[in-house]
Every structure is written in structure tokens, then in C-alpha cells.
Amino acid sequence: MKEIEISNAIEKIFTAVFNCKNPFTLEEIYDKFAFDIKLPQKVTDTTTGEDTWASSINPTKFITNENSNKRENWMLEKKDISSLKELIDIWQTINYRTTERVFNCVNVSCSDAVYNSENVYRSTDCNECKNLILSDGCHHCEYTLASQRSGNCAFCIRVDDSSNCTNSYNVACSGNISNSMFIEDCGSLDECMFCAHISNHKFCIANMQFEEEEYYEIKKEIINWIMNS
């Protein structure tokens with residue numbers, strides 16, 4: 001994705017989740033929302049010296065998937081091996097970790113291990129996603145930012161181990177959550193904040209029932225706190 005495309009996607013997500021414009025730079029977005037997510041890191045293609053992105057940086061030698069495919073034949077001629085060291089030395093001539101593994105995708109950048117997706121930036125282990133940014137392990141998600149191990153979510157920020165969430169922020173181990181923030185182990189909530197271990201509620205804050213008008217007044221304060229903390 002190009003920088004303007006990333007910015008536009010983040011703007012749409014902020015509008016849906018917080019009903020405000022995004023006040024942060026991309027670097028600030030990373031520091032504030034994606035600081036604890038396992039994301040691809042920048043490494044160097046050992047064969048060309050160009051920058052590339054890998055989901056694991058434990059190996060010491062890398063090659064982009066594109067450059068690997070350019071080499072038509074990776075087989076070596078058989079030779080007599082006199083020692084284990086000699087065998088390992090030969091192995092090292094072909095032992096490159098493949099990076100930027102992107103398959104059946106459109107407009108994916110700075111990512112590794114992404115499948116059947118479109119418009120993805122710096123994400124990993126994702127499948128059938130659109131407009132996905134700074135995320136790990138997401139599937140069937142759209143306009144999702146800084147999330148991990150979640151599926152069927154749209155217009156969300158920091159959704160972890162959850163499914164079927166929309167227009168929500170900071171949701172963990174929950175399902176069927178909409179228009180909510182700071183939710184833990186809940187199901188079927190709409191317009192709730194700071195709730196845990198409850199289901200089938202609306203206009204709850206810290207597991208307490210509020211009237212609609214007072215709920216939205218508090219929500220404005222919470223959003224202001226998130227934007228300025």
C-alpha cells in the first residue's frame with residue numbers, strides 16, 4: 001500500500017470507531033496501538049542487498065520470494081562429502097529464509113505470509129482480508145488496525161482473539177461486539193465500555209446499566225482520553 005492509501009484507510013477506521021479524524025502519524029499509530037503485536041521486521045535480502053520484510057528475524061540470511069523464484073533451479077550437483085562441516089557449508093549456500101511471501105494478493109506492502117488479500121500494510125499470517133494494517137493472524141477482516149488472532153471483524157482497532165466485531169476498540173476474547181470499547185470476555189454487546197464477562201447488553205459501562213443520553217456523554221470523555229493520553 002502507498003502512504004496515502006494507508007492514511008485513507010486509517011482515517012475511515014477512526015471515523016467508524018471514534019467518530020473523529022485520526023490525529024496521529026503512522027509512527028505514532030504503531031507506538032500507541034500496535035506496540036505489542038508481532039509484525040514483520042525489515043531485513044536485508046542477502047543476495048541483492050535490498051530491503052525486505054520477514055515475519056521471523058531469527059535466520060541470518062534472507063531472500064525475497066520474488067528473487068527466489070527467479071532462480072530456476074536450486075538443485076546442486078552431487079559431490080562426495082568428507083565431513084559434517086563440509087555438508088553444513090554446502091547447506092549454507094542455499095539456506096535463505098524466504099521473505100515477503102504474498103500469494104494471490106493485490107496491493108500488499110511490508111508484509112510476510114499474506115494470502116488472498118487486498119490492501120495490506122505491515123501484517124503477517126493473514127488471509128482473505130482487505131484494508132488491513134499492522135495486524136497479525138487476522139482472517140476475513142476489513143478495515144482493521146493493530147489487531148491479532150481475530151476473524152470476521154470490520155472497522156476495529158486492537159481486537160484480539162475475537163470474532164464478528166464492528167466499529168470497536170480494545171476488544172479481547174469476545175464475539176459479536178459492536179460500537180464498543182475496552183471489552184473482555186463478552187458476547188453480543190452494543191454500545192458498551194469497560195465491560196467484562198457479560199452478554200446481551202447495551203449502554204453498559206463497567207458492567208453497570210446507564211441511560212442512553214448519559215452513556216454517550218461519558219463515551220465522548222473516554223474518546224477524548226484515548227486521543228490525548
Within the side chain of S135, is there an N or O that forms a donor-acceptor pair under 3.5 Å with the backbone of C138? no
State whether a side-chain donor-acceptor pair under 3.5 Å links N119 with E5. no
Co-membership, hydrophobic cluster, residues I37 and Y30, 4.5 Å side-chain: yes
CG/N65 to OG1/T52 distance, rounded to the nearest 0.5 angstrom? 9.5 Å
State whether the side chain of T46 and the backbone N or O of K61 hold a donor-acceptor pair below 3.5 Å, judged by distance alone. no
Side chain to side chain contact (heavy atoms under 4.5 Å, CB included) between Y169 and F182: does it pass, once the steps are laid out? CA-CA 6 Å; Y169 170 66; F182 302 103; 3.5 Å; yes
Looking only at heavy atoms, what is the nearest atom pair of C105 and V114, with distance? SG-O, 3.4 Å
For the residue pair D185 / H197, report whether a side-chain donor-acceptor contact shorter than 3.5 Å exists. yes
Should we count CD of E213 as having more than 12 external heavy atoms under 6.0 Å? no
Going by side-chain hydrogen bond (donor to acceptor under 3.5 Å, both in side chains), R149 matches just one of D161, D136, D160. Which one? D161
Hey, is the main chain of A196 close enough, under 3.5 Å, to the side chain of N207 for a donor-acceptor pair? yes
Same apolar cluster (I L V M F W Y, side chains within < 4.5 Å links), F35/L145: no
Taking all heavy atoms of I177 and all of C186, pick out the closest pair and write down the distance. CD1-O, 4.0 Å
Quick check: is I218 connected to W225 through a chain of hydrophobic side chains (ILVMFWY, heavy atoms under 4.5 Å apart)? yes
Do you know the tightest heavy-atom contact between V159 and S168? CG2-O, 4.4 Å
Tell me, do M193 and I222 make a side-chain contact under 4.5 Å, heavy atoms counted? yes
Quick one, C192 and I183 - any side-chain contact, counting heavy atoms below 4.5 Å? yes
So, the side chain of K32 versus the backbone of M227: is there a donor-acceptor pair under 3.5 Å, distance only? no
Are Y96 and T47 close enough that some pair of their side-chain heavy atoms sits under 4.5 Å apart? yes
Q209 and F203 have their tightest heavy-atom pair at NE2-O, 3.3 Å
For the residue pair A54 and T99, what are the closest heavy atoms and their distance? CB-CG2, 3.7 Å
Evaluate E212 against K202 for salt bridge (Lys or Arg N to Asp or Glu O under 4.0 Å), listing each step before the verdict. CA-CA 9 Å; E212 180 176 354; K202 187 172 184 177; over 6 Å; no
For atom NZ of K2, decide whether the heavy atoms of other residues, nucleotides or ligands shown that lie under 6.0 angstrom number more than 12. no
What's the verdict on side chain to side chain contact (heavy atoms under 4.5 Å, CB included) for D125 and Q148, showing C-alpha distance, side-chain angles and the deciding distance? CA-CA 9 Å; D125 189 26; Q148 50 193 342; over 6 Å; no
Under 3.5 Å, side chain of E142 to main-chain N/O of H140, donor-acceptor pair present? no
Look at the side chain of E86 and the backbone N and O of S82, then say whether any donor-acceptor pair between them is shorter than 3.5 Å. yes
Given side chains that start at C-beta, do those of I133 and I6 come closer than 4.5 Å, heavy atoms only? yes
T166 and F155: side chain to side chain contact (heavy atoms under 4.5 Å, CB included), yes or no, with the steps? CA-CA 6 Å; T166 56; F155 295 97; 5.9 Å; no
Common cluster, I94/I88, ILVMFWY with side-chain heavy-atom separation under 4.5 Å: yes
Check for me whether the distance between the ring centres of F210 and Y215 falls short of 6.0 Å. no
So with a 6.0 Å cut-off around CG of L87, is the heavy-atom count from everything else above 12? yes
Is it true that a side-chain atom of W74 and a backbone atom of S68 form a donor plus acceptor pair closer than 3.5 Å? yes
Report the distance from atom CD1 of I223 to atom SG of C20, rounding to the nearest 0.5 Å. 6.5 Å
Close side-chain approach of N67 to T48, heavy-atom, < 4.5 Å: yes
Looking only at atom types and distance, does a side-chain atom of N95 sit under 3.5 Å from a main-chain N or O of W91, one as donor and one as acceptor? no
So, the side chain of T93 versus the backbone of I90: is there a donor-acceptor pair under 3.5 Å, distance only? yes
Within the structure provided, determine whether E118 and N131 are in side-chain contact (heavy-atom separation under 4.5 Å). no
Worked check of side chain to side chain contact (heavy atoms under 4.5 Å, CB included) between L134 and L39: CA-CA 7 Å; L134 300 173; L39 298 174; 3.8 Å; yes
May I ask whether F33 and Y121 are part of the same hydrophobic cluster, defined by side-chain heavy atoms of I, L, V, M, F, W, Y residues being less than 4.5 angstrom apart, directly or through others? yes
Side-chain donor-acceptor pairs under 3.5 Å in residues 11-19, sequence neighbours left out?
unit_1 : atom_1 : unit_2 : atom_2 : d
E11    : OE2    : N22    : N      : 3.0
K12    : NZ     : Y143   : OH     : 3.3
T15    : OG1    : E11    : O      : 2.9

Which pair of heavy atoms, one from S150 and one from C153, lies closest together, and at what distance? CB-SG, 4.2 Å
State whether a side-chain donor-acceptor pair under 3.5 Å links E184 with N170. no
Are side-chain heavy atoms of E191 and K219 found at a separation under 4.5 Å? yes
Do the charged groups of R97 and D45 touch, with an N to O distance under 4.0 Å? no
Let me confirm one number: the CG-SG distance from D51 to C110, rounded to the nearest 0.5 Å. 9.5 Å
If we only count heavy atoms from C-beta on, is the Y115 to E128 side-chain gap below 4.5 Å? no
Hey, is the main chain of E214 close enough, under 3.5 Å, to the side chain of E217 for a donor-acceptor pair? no
Tell me which one of T124, D112, T64 satisfies side chain to side chain contact (heavy atoms under 4.5 Å, CB included) with R101. D112
